[in-house]
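Below: one structure, written as structure tokens.
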There are 4 protein chains.
Amino acid sequence: MRTPAARGKKREEEILDAAAAVFAERGYHGASTGDIAARLGIRQGSVYYYFRSKEQALERVCLAGVQGFVERIEAIAAADPPLSEGLREVVTGHVGAIVARRDSVIVFLRERRHVPRARRRRINTHARRYERALEIMLARAVTRGEARADVDCRMTALHLIGMCNAAAVWLGREPDAPLERIVATLLRLVLDGVAKPVKRKSP
Amino acid sequence: MRTPAARGKKREEEILDAAAAVFAERGYHGASTGDIAARLGIRQGSVYYYFRSKEQALERVCLAGVQGFVERIEAIAAADPPLSEGLREVVTGHVGAIVARRDSVIVFLRERRHVPRARRRRINTHARRYERALEIMLARAVTRGEARADVDCRMTALHLIGMCNAAAVWLGREPDAPLERIVATLLRLVLDGVAKPVKRKSP
Amino acid sequence: MRTPAARGKKREEEILDAAAAVFAERGYHGASTGDIAARLGIRQGSVYYYFRSKEQALERVCLAGVQGFVERIEAIAAADPPLSEGLREVVTGHVGAIVARRDSVIVFLRERRHVPRARRRRINTHARRYERALEIMLARAVTRGEARADVDCRMTALHLIGMCNAAAVWLGREPDAPLERIVATLLRLVLDGVAKPVKRKSP
Amino acid sequence: MRTPAARGKKREEEILDAAAAVFAERGYHGASTGDIAARLGIRQGSVYYYFRSKEQALERVCLAGVQGFVERIEAIAAADPPLSEGLREVVTGHVGAIVARRDSVIVFLRERRHVPRARRRRINTHARRYERALEIMLARAVTRGEARADVDCRMTALHLIGMCNAAAVWLGREPDAPLERIVATLLRLVLDGVAKPVKRKSP
DNA sequence: AATGAATGAGTATTCATTCAT
DNA sequence: GATGAATGAATACTCATTCAT
């Protein structure tokens with residue numbers, strides 16, 4: 001038996017999940033509040049019992065989508081592990097989160113621009129802190145001699161994040177792509193590249 | 001003096017450019033035919049002189065967005081250059097196209113899912129052929145010994161394309177990111193990775 | 001300690017006061033049951049504990065608004081005072097009532113037309129009896145020679161009531177208009193007019 | 001045969017007339033855009049071809065309602081006629097305007113408070129200038145010795161206007177009240193009052 | 001005495017689309 | 001090549017009302 005409070009919280013999450021699913025599938029403007037209601041088995045107007053406006057629902061879904069990303073990467077950075085291990089954790093966490101709550105993450109990635117300016121800033125802050133943290137991880141690896149000295153940390157961070165996010169798109173469609181394999185391929189690519197190393201310094 | 005036909009062609013392109021810009025900025029469902037008209041300085045209903053429906057406009061913009069991608073990569077593949085050179089050409093072409101006609105490419109990337117099923121297939125074919133061509137280029141490089149034997153060609157191709165496309169998003173925002181630098185960084189990352197190579201086979 | 005019945009009465013009045021205030025401020029259709037609830041610190045649905053429908057609330061507020069008017073003027077008329085005294089009492093009572101329960105009187109004046117036909121008749125009866133009583137007071141004054149013989153009693157009654165009601169509108173806004181001054185000015189106007197009397201019958 | 005421009009203007013006026021009628025009958029919030037459309041024989045959404053929002057329609061109707069009042073009274077004041085003549089012109093003009101465009105005047109009187117603050121100020125300015133002009137006319141009459149020295153000009157002006165406006169309410173309902181009679185009664189009331197003058201200063 | 005969760009009907013507004021001119 | 005005037009359908013949002021608890 002649930003307490004009323006617990007039921008309320010639960011229901012609220014259900015509503016946000018439905019909104020996330022619908023926004024992810026049809027896009028913010030392509031989705032109607034009726035679509036959300038239909039997914040919940042309630043009437044159109046009833047969704048307004050849970051959010052003030054469609055826009056607010058979008059904002060909440062976006063926040064649910066970024067939630068945890070910054071915390072995770074900053075925790076990893078704080079532990080200051082060797083580069084390869086650090087990247088493994090970051091990429092595993094990132095792609096793992098996409099797998100775990102794909103809808104809200106996709107909505108964050110693709111639809112956050114429809115959140116009105118003022119409130120969007122808060123959401124974008126997360127994204128920027130994430131990029132920055134990864135950039136710094138790379139810079140530290142360069143300093144320590146784990147990464148090549150000529151790596152452009154900022155741009156590499158952006159490329160890396162771009163790859164992870166792109167995975168969100170084809171994750172479901174590619175049949176033979178389990179999480180581990182995606183992560184492994186991605187890491188190998190980022191760490192060592194695809195080119196066969198030429199033997200160097202051999203007499 | 002232009003012939004009416006020539007003038008018509010030009011105007012038609014202007015209309016598609018306007019549609020591309022508006023769809024890129026607000027998304028397909030977030031953009032109205034009135035927005036397109038406003039950008040052209042004509043009235044709402046007048047856009048129907050140029051396209052049968054908003055959906056058709058989207059389709060055309062998407063086709064304009066993919067246009068050339070497949071041709072380019074297949075031409076490169078046909079020339080069968082060494083891996084590093086081939087990738088340079090592919091990435092330069094890809095990112096270059098994004099820079100050159102950003103709006104329509106972005107619309108292709110983000111909005112093509114709103115083209116109705118039947119007509120979407122044709123558009124998606126381009127994407128699939130592109131992926132496939134890159135995959136094969138990589139596979140050939142493996143065979144030839146230019147790339148490591150354990151490279152997952154399919155997934156690496158998808159990651160690479162994902163990175164290029166992600167660049168479309170931050171291209172305008174990042175101040176210090178000229179085309180050459182983006183391409184250079186990306187290529188270096190893909191070919192050699194970020195990790196400092198350990199000396200091998202040295203006695 | 002109050003009996004439950006007494007507490008109930010009190011609370012019921014509070015609810016009607018809240019409804020009156022909200023209807024007066026925003027108009028019947030511009031006010032929501034939620035506005036009434038907010039003013040009481042309770043939830044939307046809870047107001048239905050006190051009235052069956054918004055319409056019924058309006059009706060009650062209107063009745064509270066007219067309440068006393070007819071009784072007062074008929075009592076004055078029954079006493080049959082001289083014209084100037086009678087008018088003083090009528091006007092003082094009228095404007096005084098507006099000052100004392102402005103909200104419900106304003107709602108009666110402006111919103112009673114939104115009470116459905118059938119139930120509105122009862123409310124309108126009050127208004128008509130009031131007009132009639134004043135008209136008769138004037139007619140008696142004419143008969144008695146207190147008022148000019150050519151006074152149009154019906155219309156003058158309506159004008160007089162119109163003036164009193166109009167005062168309800170600017171009562172709050174005009175800074176230097178205390179009840180006594182309003183009443184005095186109004187009476188002087190109605191009794192003697194503004195024109196300086198020409199000396200008559202002087203040889 | 002009308003020019004297209006003329007037809008456009010005409011139609012626009014028809015739409016505003018319809019809005020005025022509907023707002024006057026049911027009140028701003030009680031009237032729906034569908035009601036306006038129905039009165040015009042067009043569909044609900046089509047009214048938005050003529051105004052941006054219901055609120056804007058209200059504003060326009062209010063402006064149409066006050067239009068001319070200030071100009072008229074200021075023209076009269078400029079001519080500086082004797083009091084009784086001046087008042088006759090003012091009252092005739094005022095009540096005449098109410099008779100001529102009753103709907104929009106009533107909407108101005110009763111519904112202008114629903115125009116949002118900022119834009120309401122402009123509308124209220126008209127009302128204030130009107131009051132002020134009448135107040136000054138009375139003050140001049142006092143100075144000239146046409147009106148009693150103890151007349152409270154501000155308040156009398158407000159009472160007078162209140163009476164005229166109140167007439168708008170019962171104009172249609174009272175069967176035996178033609179414009180001339182209303183005006184005559186009102187003027188007599190205001191100038192001379194109802195009380196039979198006592199003979200003064202006669203030896 | 002009140003609430004939380006809904007409903008269902010309405011309502012302002014937007015918008016793709018049409019078509020006579 | 002374009003416009004003005006509409007339409008009709010969708011759609012976000014409001015709100016009076018109900019009712020189990």
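Numbered from 1 within each chain, the chains take letters A, B, ... in sequence-line order.
- Considering only side-chain N and O atoms, A/Ser46 lies under 4.0 angstrom from the phosphate OP1 or OP2 of E/dT7.
- With sequence neighbours left out, A/Gln44 forms a side-chain contact (heavy atoms from CB on, under 4.5 Å) with A/Thr33.
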| message | Both atom distances under 3.5 Å, Watson-Crick or G-U wobble: I'd like the secondary structure of DNA chain F as a dot-bracket string, with | for pairs made across strands. | response | .||||||||||||||||||||

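- Taking atom OH on C/Tyr50 and atom P on F/dA16, their separation rounds to 18 Å, with Å as the unit.
- Here the P atom of nucleotide F/dT17 and the CG atom of C/Leu58 are 12 Å apart, to the nearest Å.
- Counting to the nearest Å, the C1' atom of F/dG4 and the OH atom of B/Tyr49 are 17 Å from each other.
- To the nearest 0.5 Å, the span separating CG on B/Leu109 from OG on B/Ser104 amounts to 9.5 Å.
- Between D/Tyr48 atom OH and F/dG8 atom P there is a gap of 18 Å when expressed in whole angstrom units.
- With a 4.5 Å cut-off on side-chain heavy atoms, A/Phe51 and A/Val61 do not count as touching.
- Where D/Val47 and A/Glu55 each meet DNA chain F at their nearest nucleotide, the meeting point lying more 5' is that of D/Val47.
- Atom NE2 of A/His114 is separated from atom C1' of F/dA12 by 16 Å (rounded to the nearest Å).
- A salt bridge links A/Arg11 with A/Glu14: at least one charged nitrogen is closer than 4.0 Å to a carboxylate oxygen.
- The side-chain heavy atoms of B/Tyr28 and B/Arg113, taken from C-beta on, include no pair separated by under 4.5 Å.
- The distance from atom NZ of C/Lys54 to atom C1' of E/dA9 is 14 Å, rounded to the nearest whole Å.
- Exactly one residue among C/Arg119, C/Lys54, C/Arg121 makes a salt bridge (Lys or Arg N to Asp or Glu O under 4.0 Å) with C/Glu59. That residue is C/Arg119.
- Straight-line distance from the NZ atom of A/Lys10 to the C1' atom of E/dG4: 19 Å, rounded to whole Å.
- By the 4.5 Å heavy-atom criterion applied to side chains, A/Arg112 and A/His126 are not counted as neighbours.
- Here the C1' atom of nucleotide E/dT14 and the CZ atom of B/Arg26 are 13 Å apart, to the nearest Å.
- Taken to the nearest 0.5 Å, the CG atom of D/Leu16 stands 11.0 Å off from the CG atom of D/Leu58.
- In terms of phosphate contacts, B/Arg52 brings no side-chain nitrogen or oxygen within less than 4.0 Å of OP1 or OP2 of E/dT17.
- Contacts between residues 29-45 of chain A and DNA chain F, counted as heavy-atom distances below 4.0 Å, involve A/Ala31, A/Ser32, A/Thr33, A/Gln44, A/Gly45.
- To the nearest 0.5 Å, atom NE2 of residue C/His114 and atom CZ of residue C/Arg120 are 9.0 Å apart.
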